[in-house]
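Below, all heavy atoms of this structure are taken into account, side chains as well, without hydrogens, waters or symmetry copies. Here the structure is a predicted model, which means the values were calculated and not measured. Note that the numbering runs from 1 along the sequence shown for the chain. In listed order, ligands and their atoms are each counted from 1.
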Amino acid sequence: MKLAALTRAEAQVLLPTYDRQKVLFEKGRGVYLWDSRGHRYLDFLSGIGVNALGHGHPAIQVVLKRQASRLIHVSNLFFHPYQAELARRLTKISGLDRAFFCNSGTEAWEGALKLARAHARTLCTNGHKPKWRILALENSFHGRTFGSLATTGQAKYRDPFGPLLPGVSFLEFNDISDLKRQLDGSVCAVCVETIQGEGGIRPVSAEFLQAARKLTENSGALLILDEIQCGLGRTGRYFAYQHYGVQPDIVTVAKPLAAGLPLGAILTTNRVARAIHPGMHGSTFGGGPLACAVAVEFLRVLQPLLKHVEEIGNYFRAKLEWLKAKHGCVVEVRGMGLMLAMELNSADLAKAIVAEFLQRRILINRTNDTVLRFLPPYIIEKKHVDQVIRALDEVLASQIREIGKSRKRSKS
Ligand SMILES: Cc1ncc(COP(=O)(O)O)c(C=O)c1O
């Protein structure tokens, strides 16, 4: 089916949840995608942080084909060879003890919230009410299911669906005194995205995260980190929290874990895991043999790439800073490794740049209205960064000229 026919068909039979760009992709290889007319696009978005190894990575293809021909699904009623191996690798790189596998980011986050409530019950003696309140950060994003929505600090995502899970309060971003004020004896968990992704690529401050660790340790609440977008190598380390010298009680991961297959995970300590018993939580699909076999391979390929992510990320960031010095419309450059952003002084400008990039066949996106977000595959090279920087330089200059002209026209 061609793009026009597909657009019509989808408009009739799908829930209208997505406002898709008018491109029909048919093939991907490395850092490139090809559309139905054979045009090649440079992918600096990776399917929103999923295709960390690019498209059609040879090692992933081998494991995918081999495992697809052997066994795809058995359910969690039985053993298969890859869950323990994947959990062993994830616990080793995270410094945590145990894993639970699910199918998406939001599902991992829901499980983490359940774990926090269940853990609070284990601490409760003498018939006291268990700690139950959850503190989350303003401007955060944790997913689209009810618990995740309830802890997402952006009203536009929550408001159409209330009433939501009770007991959630929001903290001002990076505000330690607000945390001290709200972290009372009824709080079972403090939730932090180590780097806010949807919220505009905003790393939490070291002071805030370190204070959150100390204060939760003292109060008996858990520190839960959402590394669904920033984890698994995106910042040049396995986990973004490893830049901060802070160890969480629970961390959630998903996006790149199975190189494009749906797979999420909750990682936690033995102490917290004691709250869970057979039957309390589960998933039909989560941690199936196909996704887990691929994820084991993803982690194997990732290890030697981490240094490259750090180096190419520093190179990319330096070039973005150079653009900031040159163009007055750039407000700030933020991020770590290959999770980078350029905040502009106008939402219209950011929108126009993303559209112009699509015309030039480079994929990026806009988040938090004014922020250009870059989540390229970890395998990009300097020449790809240079291409994006050249395009940004030209497009920023020409868009500013256009905006100036249209202002003049509207004045005269
Ligand atoms: C930080 C963070 N948490 C949770 C989610 C939800 O993940 P999913 O869309 O896989 O449910 C996302 C998705 O963008 C995310 O960026």
Side-chain angles (χ1 to χ4, degrees), residues 15 17-20 45-52 100-116 134 136-154 156-158 161 164-165 168 170 173 189-204 209 223-235 238-241 248 250-267 283 285-288 291 294-295 298 334-341 363-368 371 373-376:
L15 275 188
T17 43
Y18 303 112
D19 187 12
R20 299 194 206 281
L45 188 56
S46 317
I48 324 185
V50 169
N51 300 305
F100 172 83
F101 295 108
C102 54
N103 307 284
S104 65
T106 199
E107 223 184 309
W109 192 250
E110 292 287 334
L113 298 178
K114 283 177 72 180
L115 200 47
I134 294 166
L137 261 56
E138 289 289 358
N139 200 47
S140 58
F141 182 84
H142 296 294
R144 308 284 193 158
T145 50
F146 268 107
S148 301
L149 267 187
T151 47
T152 284
Q154 300 185 59
K156 68 177 178 193
Y157 293 114
R158 293 194 311 264
F161 301 105
L164 300 174
L165 179 75
V168 180
F170 292 99
F173 188 61
V190 173
C191 303
V192 180
E193 257 177 291
T194 320
I195 304 176
Q196 292 188 339
E198 290 300 309
I201 315 291
R202 292 172 206 278
V204 68
L209 199 59
L223 177 64
I224 312 181
L225 297 184
D226 181 341
E227 296 231 355
I228 287 161
Q229 192 168 140
C230 64
L232 297 176
R234 174 76 37 209
T235 64
Y238 280 116
F239 294 90
Y241 63 78
I250 302 177
V251 63
T252 55
V253 290
K255 288 184 184 283
L257 180 55
L261 296 183
L263 183 66
I266 308 168
L267 308 173
S283 166
F285 290 110
V294 170
F298 167 71
R334 291 191 292 267
M336 288 185 208
L338 288 175
M339 183 171 185
L340 292 170
L363 304 180
I364 59 169
N365 90 331
R366 181 175 70 117
T367 185
N368 215 240
V371 179
R373 173 167 56 174
F374 309 98
L375 296 171

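Note on ligand 1: Phe141 sits in its first shell, one or more heavy atoms being nearer than 4.0 Å. Remark: distances from the non-hydrogen atoms of Ile48 to ligand 1 are all 4.0 Å or more.
For the residue pair Gln196 / Ser140, no side-chain donor-acceptor distance below 3.5 Å is found, with atom types taken as modelled.
Under the side chain to side chain donor-acceptor pair (under 3.5 Å) criterion, Glu193 pairs with no residue at all, not counting sequence neighbours. Checked against salt bridge (charged side-chain N to carboxylate O under 4.0 Å, His left out), Arg334 has the following partners two or more places apart in sequence or in another chain: Glu332, Glu343.
The closest donor-acceptor contact from the side chain of Arg144 to the backbone of Leu149 lies at 3.5 Å or more, if one exists at all. Counting only distance, with no hydrogens or angles, the side chain of Thr106 and the backbone of Thr145 share a donor-acceptor pair below 3.5 Å. For Ser46 (side chain) and Gly49 (main-chain N/O), no donor-acceptor pair under 3.5 Å exists by modelled atom type. A donor-acceptor contact shorter than 3.5 Å is absent between the side chain of Thr235 and the backbone of Gly337.
With respect to atom 16 (O) of ligand 1, the closest heavy atom belonging to the protein is Gln229 NE2, 2.8 Å. The single protein non-hydrogen atom nearest to atom 14 (O) of ligand 1 is Lys255 NZ, 3.0 Å, given as residue, atom name and distance. Of the protein's heavy atoms, Asp226 OD2, 2.7 Å lies nearest to atom 3 (N) of ligand 1. With hydrogens left out, the protein atom closest to atom 10 (O) of ligand 1 is Gly105 N, 2.8 Å, a heavy atom.
Heavy atoms from both the backbone and the side chain of Thr106 come within less than 4.0 Å of ligand 1. Looking at Glu193 against ligand 1, only its side chain comes within 4.0 Å, counting heavy atoms.
In terms of N/O distances under 3.5 Å, ligand 1 is not approached by Ile228.
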